[in-house]
Amino acid sequence: MNWLKEQSLEDQEIQNNLLATCKIPKHIGIIMDGNGRWALERGLSRTEGHKQGIESVRDIVKASAQLKIGYLTLYAFSIENWNRPLTEVGILMKLLEHYLKSEIDEIDENNIRLYSIGKLSSLPKKVQRLLFEAVERTAKNTGLTLTLALSYSGRWDIVRAVQMLVHDVRRSKLAPEDITEETFSSYLQTNILPDPDLIIRTSGEMRLSNFLLWESAYSEIYISNKYWPEFRRTDLYEAIIDYSRRERRFGRTSEQVVSQSKTIEFQSEKSLNTR
Ligand code: FPP
């Protein structure tokens with residue numbers, strides 16, 4: 001199903017309005033949190049919470065693709081999550097397997113490029129295979145890059161990058177004095193992604209929980225009080241509106257930011273007038 005065709009007129013109008021009036025982040029990262037609490041508060045099992053969480057994944061992926069957001073990274077399973085009870089881990093892996101099997105056709109049809117980061121060798125073989133097939137099948141797609149962070153942790157990726165870097169220094173492929181922030185970033189698994197502009201966390205918790213630690217140096221953080229299973233596209237729109245109102249200074253003063261954006265505005269008006 002083509003996602004642009006199934007969109008309601010009302011939602012299209014809301015999105016058009018967002019596109020016309022807001023700065024749309026190029027890369028959004030989401031820490032999906034609160035599946036368990038959502039379920040327990042309703043007298044349901046945690047599994048039901050995770051199942052409902054997948055409905056939110058579906059809606060947010062679609063809305064992001066429709067809004068032509070470049071990159072969406074979902075923190076689906078951390079390295080620390082392996083410490084959960086075995087039965088819950090098993091259920092999460094089954095749900096992931098089901099998601100990959102049932103969504104891949106639609107993901108591909110809608111020009112989504114699937115990518116994944118994390119210690120993938122720890123995942124069950126079946127999930128690894130489905131993941132590699134999906135990544136390979138969608139590698140040439142040019143729409144939204146949907147990254148699933150699975151068995152991922154920011155510190156793990158940083159340590160892994162350091163190990164590879166030291167290896168290259170030892171083999172004289174790299175001189176220590178040539179190591180810059182850019183060189184270091186290129187060793188991270190996220191090297192094909194721009195740094196996230198906006199990181200959303202659901203369920204009111206205010207932590208990064210080992211998500212994109214290096215990459216989030218200048219990310220704007222948005223905390224939603226909703227649990228992940230109830231976080232849907234209208235909540236994403238609210239987060240984008242909030243992000244759009246923020247002034248991103250990257251260490252500069254507010255005056256510098258304002259004067260630079262005026263120069264850019266002036267230059268783009270000038271180029272429009274000379275066309
Ligand atoms: C956090 O809720 C959620 C997770 C650890 C798993 C997220 C997984 C999904 C939404 C389903 C599978 C994902 C994909 C991409 C298909 P929690 O269990 O930590 O909630 P709690 O803090 O209330 O206990």
Side-chain angles (χ1 to χ4, degrees), residues 28-65 69 71-108 110 112-120 122-124 126-135 138 144-154 156 199-212 223-233 235-236:
I28 300 182
I30 307 188
I31 304 173
M32 308 181 286
D33 193 15
N35 292 355
R37 276 164 287 166
W38 178 87
L40 295 180
E41 282 181 16
R42 285 158 182 78
L44 302 168
S45 66
R46 293 179 60 85
T47 307
E48 285 308 312
H50 295 314
K51 280 188 181 161
Q52 201 56 34
I54 292 191
E55 293 309 313
S56 299
V57 169
R58 287 200 177 98
D59 194 43
I60 297 304
V61 170
K62 274 186 198 175
S64 304
I69 286 168
Y71 302 83
L72 175 70
T73 300
L74 301 177
Y75 200 12
F77 195 83
S78 70
I79 289 188
E80 293 74 22
N81 284 152
W82 289 114
N83 297 323
R84 290 193 174 199
L86 267 183
T87 45
E88 179 164 344
V89 170
I91 285 161
L92 279 167
M93 291 302 134
K94 278 276 164 231
L95 288 175
L96 187 61
E97 187 185 320
H98 179 73
Y99 174 83
L100 290 169
K101 273 188 194 155
S102 61
E103 300 298 297
I104 183 61
D105 287 344
E106 227 172 282
I107 284 181
D108 194 22
N110 284 279
I112 311 290
R113 173 170 66 149
L114 195 85
Y115 186 61
S116 69
I117 52 172
K119 196 177 175 193
L120 305 179
S122 305
L123 298 169
K126 225 182 200 173
V127 175
Q128 283 186 45
R129 187 176 50 76
L130 285 166
L131 205 54
F132 293 139
E133 281 171 8
V135 170
T138 60
L144 172 76
T145 297
L146 168 63
T147 303
L148 300 181
L150 293 165
S151 188
Y152 171 84
S153 97
W156 169 81
I199 292 185
I200 299 173
R201 181 170 186 145
T202 58
S203 93
E205 306 281 353
M206 300 191 189
R207 288 190 293 282
L208 280 177
S209 297
N210 228 341
F211 183 52
L212 302 178
I223 308 290
S224 165
N225 284 326
K226 288 205 178 164
Y227 293 136
W228 177 249
E230 53 194 2
F231 188 91
R232 296 298 160 94
R233 59 179 61 215
D235 304 296
L236 177 71

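Both ligands and their constituent atoms are indexed starting at 1 by order of listing. Below, each value reflects all heavy atoms present in this structure, side chains not excepted, and no hydrogens, waters or symmetry copies. Just so you know, these numbers come straight off a predicted model, no measurement behind them.
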Below 4.0 Å from any atom of ligand 1, is there a heavy atom belonging to [X]?
X     : answer
Leu95 : no
Arg84 : yes
Asn81 : yes
Arg46 : yes

For residues [X] and [Y], is any side-chain donor paired with an opposing acceptor at under 3.5 Å?
X      : Y      : answer
Thr138 : Arg113 : no
Ser78  : Asn81  : yes
Ser122 : Trp82  : no

Taking only distance into account, with no hydrogens and no angle test, what donor-acceptor pairs under 3.5 Å do side-chain atoms of residues 91-99 form with protein atoms, sequence neighbours excluded?
| unit_1 | atom_1 | unit_2 | atom_2 | d |
| --- | --- | --- | --- | --- |
| Lys94 | NZ | Glu97 | OE1 | 3.4 |
| Glu97 | OE2 | Lys101 | NZ | 3.1 |

Closest approach of any protein heavy atom to [atom], naming residue and atom:
atom                    : answer
atom 1 (C) of ligand 1  : Met32 O, 3.1 Å
atom 14 (C) of ligand 1 : Leu96 CD1, 4.2 Å
atom 13 (C) of ligand 1 : Ala76 CB, 4.0 Å
atom 11 (C) of ligand 1 : Ile54 CG1, 3.6 Å

Under 3.5 Å: donor-acceptor pair, side chain of Trp38, backbone of Pro229: no
Could you walk me through whether Asn35 and Gln52 pass side-chain hydrogen bond (donor to acceptor under 3.5 Å, both in side chains), step by step? CA-CA 8 Å; Asn35 292 355; Gln52 201 56 34; over 6 Å; no
According to side-chain hydrogen bond (donor to acceptor under 3.5 Å, both in side chains), who are the partners of Lys62, at least two apart in sequence or on a separate chain? Glu6
Any idea which of Ile31, Ile30, Asn35 brings a heavy atom closest to atom 10 (C) of ligand 1? Asn35
Taking only heavy atoms of Arg37, which atoms of ligand 1 are found under 4.0 Å from at least one of them? 21 (P), 22 (O), 23 (O)
One finds that the ligand 1 atoms under 4.0 Å from a non-hydrogen atom of Tyr99 are 16 (C)
Considering both backbone and side-chain atoms of Gly36, is one of its nitrogen or oxygen atoms within less than 3.5 Å of a nitrogen or oxygen in ligand 1? yes
Do Trp38 and ligand 1 have an N or O pair less than 3.5 Å apart? no
Apply side-chain hydrogen bond (donor to acceptor under 3.5 Å, both in side chains) to the pair Arg201 and Ser224, showing each step before the final yes or no. CA-CA 6 Å; Arg201 181 170 186 145; Ser224 165; over 6 Å; no
Charged N to carboxylate O under 4.0 angstrom, Arg232 versus Asp59? no
